[in-house]
Amino acid sequence: MAATSGFNAFAQYGFESTFKTASTETNYKPFAFGMTVTRDANNNPTYIYGIGDKDAVANTPGVFAGTGNVTGFLADPWWLGMFFGAPTDAGAGPYTHTYTDANEPVSFTTDINLELGATDSQIQLLGCVAQNIELSASVGDPIGFNLNFAYADEAESGTLTSNASMSYERPFFFQEGVANIGGNLVQVQNFTLTIEQNPIMVNALGTRESQAFTFGQRSYSFSFEKSYLDDDELEAFYGGATPAASPADDYLGPVQNSMTLTFNNGDASTAQRQLVITLANCFFDTHATNYASDAVVNETITGQALSLTSAVATDNTSAPPA
């Protein structure tokens, strides 16, 4: 049998009604456009040594644990359900799908399919739970998508599911992205948003696989680099109830009540595709500048928002594919 490449592979996911039970959705979805997928499974065995044993004499399996990573380019918004549950759908072409942090995240099933000719291979990952997502915008590039998840169990078979490896829509790119913190940030070269929800897989006696999941602390962190045009971001970094000329002693902010990250394809009516992520209570953690005679003076800022107000997707689909 000849070796094969990722050209013959495809991956897709469907949301689960019951944790660790394969999704029954008819329309499995692609994660992103131009995907690269990595899977890592671990038996966590214990190797046993005793008095007089130089070599291990036995082993026992530990907790089965799996992780996955998907990188690609942002196209469809349905991954938001991994972090914020089912959306509220409204409209009549174009439609809006509003996600909020009041809803519980949903687990999902991932099918990784590999066409091997006469003998195909599918690894189905069950009880997948999103750990974090990073969206990145940089001048000249499509909008980056980087998802990490944990999963509870897996199963192998020789039957492939239908191929949904191509996204339903083309990816967003840098011209279609705008960051707004109390007014448009001017001459932004790159921007990154990371949502971290720190899932905890719950294990119990009697089985190696996780039986449930819950979540720890959630965070929304961001970073951006822009041309240094004025002192507004520096003064916001200093904190204080009003713009300060030096670091405030007792009050850091917030910088602005909200931050909005918008991706919009620029079309109208039913052709419009847009994703607007609005975060509340944004703080600047670090502020850095560079000075060189042969380069633009930029400022690089990292920070964190305390909560999500909403993530609103607009398209011509009445509800998420299921």
Side-chain angles (χ1 to χ4, degrees), residues 6 9-32 35-46 60-72 76-86 103-114 120-135 145-165 167 194-219 320-322:
F10 60 96
Q12 54 199 1
Y13 73 94
F15 289 113
E16 297 175 346
S17 298
T18 302
F19 176 67
K20 208 176 62 171
T21 298
S23 172
T24 57
E25 290 187 341
T26 301
N27 298 304
Y28 271 47
K29 296 166 281 294
F31 289 91
M35 289 183 291
T36 297
V37 180
T38 302
R39 161 195 159 272
D40 189 354
N42 195 334
N43 275 321
N44 289 300
T46 298
T60 59
V63 171
F64 177 86
T67 58
N69 170 260
V70 180
T71 61
D76 301 307
W78 315 124
W79 57 269
L80 285 161
M82 302 174 188
F83 292 84
F84 308 114
N103 295 330
E104 287 297 319
V106 180
S107 64
F108 56 97
T109 298
T110 300
D111 287 353
I112 303 175
N113 299 275
L114 182 60
D120 294 326
S121 174
Q122 179 195 82
I123 303 177
Q124 186 172 70
L125 313 182
L126 302 169
C128 300
V129 183
Q131 297 170 309
N132 55 64
I133 179 79
E134 178 184 278
L135 303 179
F145 176 101
N146 190 330
L147 172 72
N148 290 297
F149 61 90
Y151 65 93
D153 199 2
E154 66 178 50
E156 183 273 334
S157 78
T159 302
L160 307 186
T161 51
S162 60
N163 189 338
S165 60
S167 177
T194 302
I195 303 173
E196 175 77 57
Q197 62 182 2
N198 292 300
I200 301 169
M201 307 299 276
V202 181
N203 294 88
L205 296 176
T207 181
R208 295 180 60 210
E209 295 79 27
S210 298
Q211 297 300 293
F213 70 95
T214 186
F215 290 95
Q217 298 171 333
R218 182 162 50 194
S219 64

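What you are looking at is a predicted structure, and each value in this text was computed from that prediction instead of being measured.
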Please identify each residue that fulfils salt bridge (charged side-chain N to carboxylate O under 4.0 Å, His left out) with [X], with sequence neighbours left out.
| X | result |
| --- | --- |
| E196 | none |
| E16 | none |
| R39 | E154 |

Exercise: identify the closest heavy-atom pair between [X] and [Y]:
| X | Y | value |
| --- | --- | --- |
| F145 | F31 | CZ-O, 3.7 Å |
| T109 | A22 | OG1-CA, 3.5 Å |
| N113 | T159 | OD1-O, 4.5 Å |
| F19 | S210 | CE2-O, 3.8 Å |
| G85 | V106 | CA-CG2, 3.8 Å |
| M82 | A130 | CB-CB, 3.7 Å |

Considering only heavy atoms from C-beta outward, does the side chain of [X] approach that of [Y] to under 4.5 Å?
| X | Y | value |
| --- | --- | --- |
| S121 | E156 | yes |
| K20 | L126 | yes |
| F149 | L125 | yes |
| N27 | W78 | no |

To the nearest 0.5 angstrom, please state how far the [atom1] atom of [X] sits from the [atom2] atom of [Y].
| X | Y | atom1 | atom2 | result |
| --- | --- | --- | --- | --- |
| E134 | L147 | CD | CG | 11.0 Å |
| Q131 | F83 | CD | CZ | 9.0 Å |
| D120 | L114 | CG | CG | 7.5 Å |
| R218 | N132 | CZ | CG | 13.5 Å |
| I195 | I133 | CD1 | CD1 | 7.5 Å |
| N69 | T36 | CG | OG1 | 8.5 Å |

Notebook entry, point to check: Under the side chain to side chain donor-acceptor pair (under 3.5 Å) test, which residues partner N103, sequence neighbours left out?
Noted result: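 With sequence neighbours excluded, N103 shows a side chain to side chain donor-acceptor pair (under 3.5 Å) to no residue whatsoever.
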Next item on the list: Using side chain to side chain donor-acceptor pair (under 3.5 Å) as the criterion, list what pairs up with T110, not counting sequence neighbours.
Entry: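 With neighbours one apart ignored, the set is empty.
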Notebook entry, point to check: Who are the side-chain contact (heavy atoms from CB on, under 4.5 Å) partners of P105, not counting sequence neighbours?
Noted result: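 P105 satisfies side-chain contact (heavy atoms from CB on, under 4.5 Å) with Q197, F215 only.
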Margin query: For Q217, is there any backbone N or O sitting under 3.5 Å from a side-chain donor or acceptor partner on N198?
Written below: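 Yes: the side chain of N198 pairs with the backbone of Q217.
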Margin query: Walk me through whether C128 and Y13 qualify under side chain to side chain contact (heavy atoms under 4.5 Å, CB included).
Written below: CA-CA 9 Å; C128 300; Y13 73 94; over 6 Å; no
Next item on the list: Determine, step by step, whether Y151 and V129 satisfy the side chain to side chain contact (heavy atoms under 4.5 Å, CB included) criterion, reporting the C-alpha distance in whole Å, the side-chain angles of both residues, the deciding distance to 0.1 Å, and the verdict.
Entry: CA-CA 6 Å; Y151 65 93; V129 183; over 6 Å; no
Checklist line | Parallel, tilted or perpendicular: ring planes of F108 versus F15, cut at 30 and 60 degrees | finding: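 Answer is perpendicular, since the angle exceeds 60°.
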Check: Is it true that the side chains of N44 and R208 contain a donor and an acceptor less than 3.5 Å apart?
Finding: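 No.
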Checklist line | Trace of the side chain to side chain contact (heavy atoms under 4.5 Å, CB included) decision for Q211 with V202 | finding: CA-CA 6 Å; Q211 297 300 293; V202 181; 5.7 Å; no
